[in-house]
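All values below were derived from every heavy atom in this structure, side-chain atoms included, with hydrogens, water molecules and symmetry-related copies excluded. These numbers come from a predicted model, not from an experiment.
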Number of protein chains: 2
Amino acid sequence: MATRGRPRTFDPDTALRQALEVFWERGYEGTSLNDLAQAMGIASASIYACFGGKEDLFRKVMALYGTTSGEPPRRALREQPTTRAAIHAMLRATADEITRPDAPHYCMLILAAPTGAVENHAIREFLAGLRHDQLATVKDRLARGVADGDLTAPHAGLDAIARYYTTVVQGLSLQARDGATRAELETVITCAMAAWDTLTSAPSHRAS
Amino acid sequence: MATRGRPRTFDPDTALRQALEVFWERGYEGTSLNDLAQAMGIASASIYACFGGKEDLFRKVMALYGTTSGEPPRRALREQPTTRAAIHAMLRATADEITRPDAPHYCMLILAAPTGAVENHAIREFLAGLRHDQLATVKDRLARGVADGDLTAPHAGLDAIARYYTTVVQGLSLQARDGATRAELETVITCAMAAWDTLTSAPSHRAS
DNA sequence: CTCTTTATTTATCGAACGGCCAACAAATCG
DNA sequence: CGATTTGTTGGCCGTTCGATAAATAAAGAG
């Protein structure tokens, strides 16, 4: 049980949180190992020893991010009794997270690396995969609504509705990044939810 | 009239288009002067002589981008007879632009530099300003609708509706970036327009 | 104590970065 | 023609990039 060797002088969990802050503030490509080492209070070589390279560290950071900032929206989807309430609560939880005064006003999953140099393609694929999971989670919640009986054969497809609200979530992140206030995001959410009744009515008249 | 001195061996307009391609593919921070010089077929010193530094070049590129890819959505807003048709056409024109087979599947204005190193703050501010203009343009179109009489004292505020559809536009860009097809974007647009009638009805019942 | 193991610091790697300049080349002018 | 103006070339500036090796420090094991 006892750990051999020299014990490390920093707490990896704390260091990971500090790395999260830096990546959050500057994005993936905008963050250098120097930035990280300085913020984490250790030499860059220690980062390699403990976390692997920049890319490995970023993946670990995103895992932490998912269990912290990513949890409230996921919980909203999971715990709200009706599908409509679940979607609405997810949007509001998202708006809460991306306007917190103690953190940058955007979602890392969405904006930390949307574009970049070719050599960072793997990171973008990684994030795209996580976003795909996000879409699938929303879709699953809609399917559960059908199973629960509070959503009956929507006029628009489940896929379309899920993608629509995912689109709104992503758009909210950019709005917050551009300085929109929590109240302004709330008005956007209200507008987005105004489509709900139309979208979830039985298939009656026109499409397109 | 005759131009003194040695004439340049490249066409600045062509070079600017080539620079646009590179910035579009890799974003602002992901593009190096080497990348640009290689794609433009000239030495980096020629870039400095003709366009100024990287930041100046990017601003000129964005001006070109605005008059090309940015024009169809703007024209849709301007030329459609009714406000509803204008918004709908703008969304579809946006979807067309960000799924063109001959260009990256996203909007540069939105995703070329959403985050990044502190030294590139000015570029982000520049883009944020352009996006603010975008929002204002949508808002103006709604106001024109009220003046035209096809939009009467909307239940939701004009600001909220404008910001909502701007949010959708920005979300669409991320969807396309993640591989959504034109058809999938169309379903999102259909969902987004489903809110229109509710949003633009006279102020009657509840809010929030 | 000595030996082993692990973590740290320091120094540095080669490559690429954005930026810039002096020398050369090509045109018009007088 | 020579003088002048302008564009292009090639290279180099100091810095920083991500990454690594060697040397040092601190703990437990025997």
Next on the checklist: Measure CG/B:Asn120 against P/D:dC17 and give the value in whole Å, please.
Outcome noted: 12 Å
Checklist entry - With no hydrogens and no angle check, is any side-chain donor or acceptor of B:Arg84 less than 3.5 Å from a backbone partner on B:Trp196? => result no
Checklist entry - Who passes ring-ring contact (aromatic ring centres under 6.0 Å, His included) against A:Phe58, sequence neighbours left out? => result A:Phe23, A:Tyr28
Checklist entry - A:Tyr28 OH to D:dC17 P: how many Å, rounded? => result 13 Å
Checklist outcome for this item: Ranking B:Glu29 and B:Gly5 by the position along DNA chain C of their nearest nucleotide, the one closer to 5' is B:Glu29
Checklist entry - With side chains defined as the heavy atoms from C-beta onward, is the minimum distance between A:Met90 and A:Val138 less than 4.5 Å? => result yes
Next on the checklist: Is it true that B:Thr82 and B:Asp150 share a donor-acceptor pair across their side chains at a distance under 3.5 Å?
Outcome noted: no
Checklist entry - When the distance from CG of B:Leu36 to C1' of C:dG19 is rounded to whole Å, what number comes out? => result 13 Å
Next on the checklist: Checking contacts here: which listed nucleotide (D:dT4, C:dC20, D:dA19) is nearest the side-chain heavy atoms of A:Tyr48?
Outcome noted: D:dA19
Item to check | Of all pairs that satisfy salt bridge (charged side-chain N to carboxylate O under 4.0 Å, His left out), the ones with a partner from residues 17-26 of chain B, not counting sequence neighbours | outcome: B:Arg26-B:Asp35
Checklist entry - Parallel, tilted or perpendicular: which describes the rings of A:Phe51 and A:Phe10, with under 30° parallel and over 60° perpendicular? => result tilted
Item to check | Nearest-angstrom distance from the residue atom CZ of B:Arg8 to C1' of C:dA25 | outcome: 16 Å
Checklist outcome for this item: A:Ile47 CD1 to D:dT20 C1', in whole Å, measures 14 Å
Item to check | Contact letters for nucleotides 9-17 of chain C, in which S counts primed atoms plus P, OP1 and OP2 and B counts the base, heavy atoms under 4.0 Å | outcome: BB------S
